Enquirer: 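Have a look at this one.
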Amino acid sequence: MSTEPETTEEAEPGALGAAAEGDTTPGPGEVTGAGDASSTSVDTDGGADGDVEGEPGSAEALTEEATDKTEDAGAGTEGAAQLSEAAAELAAQRLERERIERRKAEKRGPIAAGTGLSGTAADLLAAVRAVESGEKPVATAFREPEQAPRGTAPEPARRPRPVSAPAASPSAPAPRTVEAVRAVLTGGGAPDGLAPQVVAALGEGADGQLREDPWQLLRVTGVRPEQADGFARALLGAECGPDDERRGRALTVWLLEQAALAGHTALDAPALTAALSQRAVPDPDEAVQSTLAEGEALVFQDALETTAPVAAPARDDAEESAEEGEERPVRVLVGLERYALAEESLADGLARVMNSAPKDEGSAAGWEQAAASAGRSAAELIRTVAGHGLVLHTGGDASRAEAAALLHAARGLGLRAWAATHTSGGRDLRASGPAGNDLADGPEGGKDTTVVTVADLLSGAEGPGRDADGALDLDLLVVLDAPQLDVETAAVLAESLPDGARLVLSGDPGVLWSAGPGRVFADLLAARVCPQVASRTPDPGPVGELVSGVGIGELNQVEAPGKEVVIVPVRDAGEAVHRTVQLVADSVPRAIGIPAEQTQVITPGHGGAVGTRALNTALKERLNPGPGRFGGFDPGDRIAYSPAPGRTMPGHVVSADTDGLHLDCSGAPVVVPKERVEQSVRLGWALTAHQAVGLRWPAAVVVLPGDAAAALTRPWVYTAFGRAERHLSVVHGVEQALQRAVAEVPQKPRTTRLPALLRAQVPTAG
């Protein structure tokens with residue numbers, strides 16, 4: 001590794017893990033979402049913009065950190081109300097509720113047979129039945145479970161799929177309704193400016209709902225429990241108390257929503273009741289029961305995996321009868337209906353894909369011929385895909401060439417093969433076919449027209465379109481950046497595939513997970529229900545070598561004769577900002593030959609003295625100063641546009657007029673209406689790692705200020721370092737914290753149900 005190239009200030013050599021000299025006191029800036037060191041927090045790594053992660057299972061991440069992340073996500077109140085294409089697709093699926101309910105009834109069949117249950121298992125079963133019948137479940141259902149019987153799942157049923165349609169913008173609320181809500185808010189001491197958001201969240205009659213249940217104010221994005229409590233005290237007076245049943249229900253739903261923002265699709269019942277206790281709910285069990293009885297949440301019991309013997313000896317009928325009364329361990333989970341239905345829909349859809357015979361099963365010779373002409377890793381992928389409906393493909397950025405080779409082979413066999421990426425910037429999928437041609441070369445200026453974004457594929461904006469049954473009109477879909485799939489988007493994808501189509505989920509398991517709830521790719525890898533192909537193609541160069549080491553928990557010094565990797569030690573926040581601007585504007589262009597517009601700055605959070613806001617302000621002043629006449633932006637500004645939470649499109653400002661802010665995002669023109677600019681557009685010279693995932697630049701400057709030490713994890717470092725193609729500069733102010741993070745701090749866990757649902761439907765692949 002090298003020190004900073006030819007800067008006007010002397011840089012110090014050393015390993016990335018070495019301590020930087022100088023003051024070790026963290027700077028005054030805060031990293032967005034970073035919790036108090038004394039608090040235990042549920043991980044918040046899934047937020048669209050907040051890259052700070054905490055400890056699993058506590059109330060703090062369910063309250064403070066997850067909320068901070070929502071406020072920083074750039075979605076705003078209107079953005080939160082406006083559904084993404086994938087969310088609209090899933091909403092259409094919920095119209096099939098009657099069929100889903102029948103499927104739930106079928107799944108209850110095997111459990112109902114356990115009439116000999118007793119103790120905790122019987123209570124759990126009674127709770128599930130009571131909730132689904134509309135009765136209040138028994139209190140003991142929410143105590144720590146010991147054991148319960150394992151149930152079997154029915155065969156996945158083929159269900160009609162909805163036809164994709166773009167999400168419709170929410171209609172403006174009636175002025176009379178807004179004024180009525182404004183009056184209620186004013187009477188409770190709340191800002192009357194929240195009225196449109198309240199109406200959007202609660203609908204018509206929102207004023208009456210607020211008077212009847214003031215804690216419904218928690219439905220509005222950004223409102224916190226203490227604010228809702230104050231509003232309720234002002235409206236209810238002496239009737240208001242911490243033991244109010246309405247408060248318990250509202251807090252339960254709010255905690256589950258915050259958990260979803262942190263990446264969980266459900267919460268362990270003990271963790272949920274503990275979080276309610278920390279929010280001064282006198283009887284947490286009763287609060288959860290009330291929420292379930294009102295249908296605002298669902299309860300599940302998932303069997304825990306136990307170690308099975310290699311070979312079970314023959315047993316007589318008496319032994320089997322004795323074991324029927326035995327109880328097996330389960331966990332009790334509570335979750336919101338939308339994510340529960342999404343996970344069940346996803347499990348069903350994937351099982352159908354795995355169980356459907358590929359349409360071209362008779363062309364084995366053609367697949368083998370295609371594999372024989374490909375490289376080793378690509379050949380293994382092609383052969384595996386030839387015989388299976390669902391395949392997982394893991395590897396770094398270089399492994400995308402193997403996915404491209406697969407697409408080339410499938411198209412050569414006459415299949416309708418498409419690829420979908422997380423971002424438009426990841427669409428340049430290049431690999432050499434047998435003739436040495438770039439597969440990305442096509443009729444549209446070198447862009448492969450069969451590579452689209454997941455969002456455009458599902459909305460119908462691009463892609464193969466849909467057949468008469470509403471399924472995607474294709475034979476093979478390769479989803480790149482698969483770790484970025486949240487559970488709702490993945491459910492829509494799976495349900496949109498026609499019978500007989502193949503699905504390949506490809507991605508780097510070391511990067512940060514999705515911004516939305518779930519950890520689909522990691523869950524599938526852990527469940528082992530389908531073939532997995534690991535790439536043997538290493539990422540090239542010193543940067544690739546460094547990133548590969550980080551992936552296995554090692555922070556190595558690498559040889560960088562061309563200054564491909566540079567360390568810039570800094571002592572405080574001010575120096576970190578100064579050196580970052582110097583690197584982007586002067587040092588990297590002069591010494592490495594990469595211009596400023598091709599260099600991306602990555603930092604752990606938005607807030608603080610060295611967050612994206614501070615760095616973007618400094619970089620704009622140096623690289624594109626201007627008055628910011630349109631919402632703080634000027635032509636030429638680099639921006640990060642978020643059309644929906646969790647999606648970031650880098651680009652630059654072209655112009656502004658009465659229609660809005662005109663952007664160029666990876667060659668695509670975008671017009672953002674004036675009223676949406678503040679919520680969806682940020683300056684983009686500096687991004688967080690979550691915003692940058694799925695994208696790469698010729699050069700990256702990763703900034704690690706002292707106050708970010710507690711926020712660093714191995715996946716964050718791996719993701720940030722991996723955004724650089726040719727050159728990586730590390731502005732290093734965290735001393736030994738970087739080495740500790742890489743060696744000791746893995747991806748934070750998320751609570752999901754997908755592995756259990758998959759194992760119940762599909763035998764493990766071993």
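All values reported here derive from a predicted model rather than from experimental measurement.
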Enquirer: Under the side chain to side chain contact (heavy atoms under 4.5 Å, CB included) criterion, do Val478 and Leu503 qualify, and how do the steps go?
Expert: CA-CA 6 Å; Val478 179; Leu503 174 63; over 6 Å; no
Enquirer: In Å and rounded to the nearest 0.5 Å, what is the CH2 to CG distance from Trp418 to Leu407?
Expert: 11.0 Å
Enquirer: Does the pair Val701 and Leu728 meet the rule for a side chain to side chain contact (heavy atoms under 4.5 Å, CB included), with working shown?
Expert: CA-CA 6 Å; Val701 177; Leu728 170 67; over 6 Å; no
Enquirer: Apply the test side chain to side chain contact (heavy atoms under 4.5 Å, CB included) to residues Val717 and Leu738: give CA-CA distance (whole Å), side-chain angles for both, the deciding distance (0.1 Å), then the verdict.
Expert: CA-CA 8 Å; Val717 177; Leu738 176 60; 3.7 Å; yes
Enquirer: For Pro483 and Gly507, which heavy atoms make the closest approach, and how far apart are they?
Expert: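 Of all heavy-atom pairs spanning Pro483 and Gly507, the closest is CD-CA, 3.8 Å.
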Enquirer: Is Val452 close to Thr421 at the side-chain level, that is, under 4.5 Å between some pair of heavy atoms?
Expert: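 Thr421 does not reach Val452 side chain to side chain.
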Enquirer: If you measure only the distance, is there a donor-acceptor pair under 3.5 Å linking the side chains of Glu545 and Asn556?
Expert: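 Looking only at side-chain atoms, Asn556 and Glu545 do not form any donor-acceptor pair under 3.5 Å.
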Enquirer: Just so I know, are the side chains of Glu725 and Trp697 near enough to count as touching, which here means a heavy-atom distance under 4.5 Å?
Expert: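 They are not in side-chain contact.
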Enquirer: At their closest point, which heavy atom of Ser642 faces which heavy atom of Thr648, and how far apart are they?
Expert: OG-OG1, 3.8 Å
Enquirer: Using 0.5 Å steps for rounding, measure from the CG atom of Asp664 to the CD1 atom of Ile639.
Expert: 9.0 Å
Enquirer: Side chains of Tyr641 and Met649: does their closest heavy-atom pair fall under 4.5 Å?
Expert: yes
Enquirer: Are the side chain of Arg750 and the backbone N or O of Gly518 linked by a donor-acceptor pair below 3.5 Å?
Expert: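 Yes, the answer is positive, given that a donor and an acceptor are paired below the 3.5 Å cut-off.
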Enquirer: Please round to the nearest 0.5 Å and tell me the distance separating atom CG of Leu546 and atom OH of Tyr718.
Expert: 11.0 Å
Enquirer: Would a 4.5 Å heavy-atom cut-off, applied to side chains only, mark Leu663 and His652 as touching?
Expert: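 With C-beta onward as the side chain, the pair stays apart.
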Enquirer: Should the pair Arg638-Glu597 be classified as a salt bridge under the 4.0 Å nitrogen-to-oxygen rule?
Expert: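 Salt bridge between Arg638 and Glu597, a charged N being under 4.0 Å from a carboxylate O: no.
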Enquirer: Going by salt bridge (charged side-chain N to carboxylate O under 4.0 Å, His left out), name the pairs with one or both residues in residues 532-541, residues two or more places apart or in two chains.
Expert: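 Non-adjacent pairs meeting salt bridge (charged side-chain N to carboxylate O under 4.0 Å, His left out): Glu380-Arg536.
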Enquirer: Among side-chain atoms of Thr453 and Asp456, is any donor-acceptor pair under 3.5 angstrom?
Expert: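 Yes, a side-chain donor-acceptor pair sits under 3.5 Å.
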Enquirer: Mind checking the CZ-CG spacing from Arg352 to Leu497? Nearest 0.5 Å is all I need.
Expert: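 Result: 6.5 Å between the selected atoms.
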Enquirer: Which value, rounded to the nearest 0.5 Å, describes the distance between Thr713 atom OG1 and Glu744 atom CD?
Expert: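 So the OG1 of Thr713 and the CD of Glu744 are separated by 13.0 Å.
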Enquirer: Quick one: does any side-chain atom of Thr489 pair with a main-chain N or O of Leu485 as donor and acceptor, under 3.5 Å?
Expert: no
Enquirer: Scan side-chain atoms only and decide if Thr394 and Gln532 contain a donor-acceptor pair under the 3.5 Å cut-off.
Expert: no
Enquirer: Do His393 side-chain atoms and Leu505 backbone N/O form a donor-acceptor pair below 3.5 Å?
Expert: no
Enquirer: Step by step, work out the salt bridge (Lys or Arg N to Asp or Glu O under 4.0 Å) result for Asp473 and Arg466.
Expert: CA-CA 5 Å; Asp473 198 11; Arg466 297 189 180 245; over 6 Å; no
Enquirer: Can you see which heavy atom on Cys530 is nearest to which on Met354, and at what distance?
Expert: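 Closest pair (atom of Cys530, atom of Met354, distance): CB-SD, 4.0 Å.
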Enquirer: Working to the nearest 0.5 angstrom, can you tell me the gap between His727 NE2 and Ser587 OG?
Expert: 8.5 Å
Enquirer: Determine whether Pro604 and Thr688 make a side-chain contact, defined as any pair of heavy atoms from C-beta on separated by less than 4.5 Å.
Expert: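 Result no, sub-4.5 Å side-chain heavy-atom pair not found.
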Enquirer: Determine the minimum heavy-atom distance between Ile602 and Ala689, stating which atoms define it.
Expert: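 Scanning both residues completely, I find the closest heavy atoms to be CG2-N, 3.8 Å.
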Enquirer: Any donor-acceptor pair under 3.5 Å linking the side chain of Asp469 with the backbone of Ala471?
Expert: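 Not at all, since once roles are kept as given, no pair shorter than 3.5 Å links the two residues.
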Enquirer: Identify, with sequence neighbours excluded, every residue that meets side chain to side chain contact (heavy atoms under 4.5 Å, CB included) alongside Pro755.
Expert: Asp523, Thr752, Arg759
Enquirer: Is any side-chain N of the basic residue among Glu564 and Arg726 closer than 4.0 Å to the acidic one's carboxylate O?
Expert: no
Enquirer: Can you see which heavy atom on Trp513 is nearest to which on Lys748, and at what distance?
Expert: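 Result for this residue pair: CZ3-O, 2.9 Å.
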Enquirer: Would you check, one step at a time, whether the test side chain to side chain contact (heavy atoms under 4.5 Å, CB included) holds for Leu346 with Val520?
Expert: CA-CA 9 Å; Leu346 175 57; Val520 174; 4.0 Å; yes
Enquirer: Between Asp475 and Arg411, is there a side-chain N and carboxylate O pair less than 4.0 Å apart?
Expert: no
Enquirer: Can you see which heavy atom on Ser496 is nearest to which on Val492, and at what distance?
Expert: OG-O, 2.6 Å
Enquirer: Just by modelled atom types, is the Thr384 backbone N or O under 3.5 Å from a matching donor or acceptor in the His388 side chain?
Expert: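 Indeed, once roles are kept as given, a pair shorter than 3.5 Å links the two residues.
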Enquirer: With the side chain counted from C-beta on, respond yes when Leu512 and Gln747 share a heavy-atom pair under 4.5 Å apart, and no when they do not.
Expert: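 With C-beta onward as the side chain, the pair touches.
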Enquirer: Salt bridge (charged side-chain N to carboxylate O under 4.0 Å, His left out): which pairs involve residues 690-702, sequence neighbours left out?
Expert: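 Only Asp397-Arg696 qualify under salt bridge (charged side-chain N to carboxylate O under 4.0 Å, His left out).
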Enquirer: Please examine the side chains of Val487 and Leu754, heavy atoms only from C-beta on, and report whether any two atoms are closer than 4.5 Å.
Expert: no
Enquirer: Indicate yes or no: at least one non-hydrogen side-chain atom of Phe521 is less than 4.5 angstrom from one of Asp481.
Expert: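 Of all side-chain heavy-atom pairs linking Asp481 with Phe521, none is under 4.5 Å.
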Enquirer: State, without any angle test, whether Gln484 and Ser514 hold a side-chain donor-acceptor pair at a distance under 3.5 Å.
Expert: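 Distance-only check fails for Gln484 and Ser514.
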Enquirer: Is it the case that the side chain of Arg723 and the backbone of Gln600 share a donor-acceptor pair, with hydrogens and angles ignored and the cut-off at 3.5 Å?
Expert: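 Not a single qualifying donor-acceptor pair exists.
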Enquirer: Would you say that more than 12 heavy atoms from the other residues, nucleotides or ligands in this model lie under 6.0 Å from the CD of Gln369, or not?
Expert: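 No.
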Enquirer: Side chain of Ser356, backbone of Val353: donor and acceptor closer than 3.5 Å?
Expert: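 Answer holds: no.
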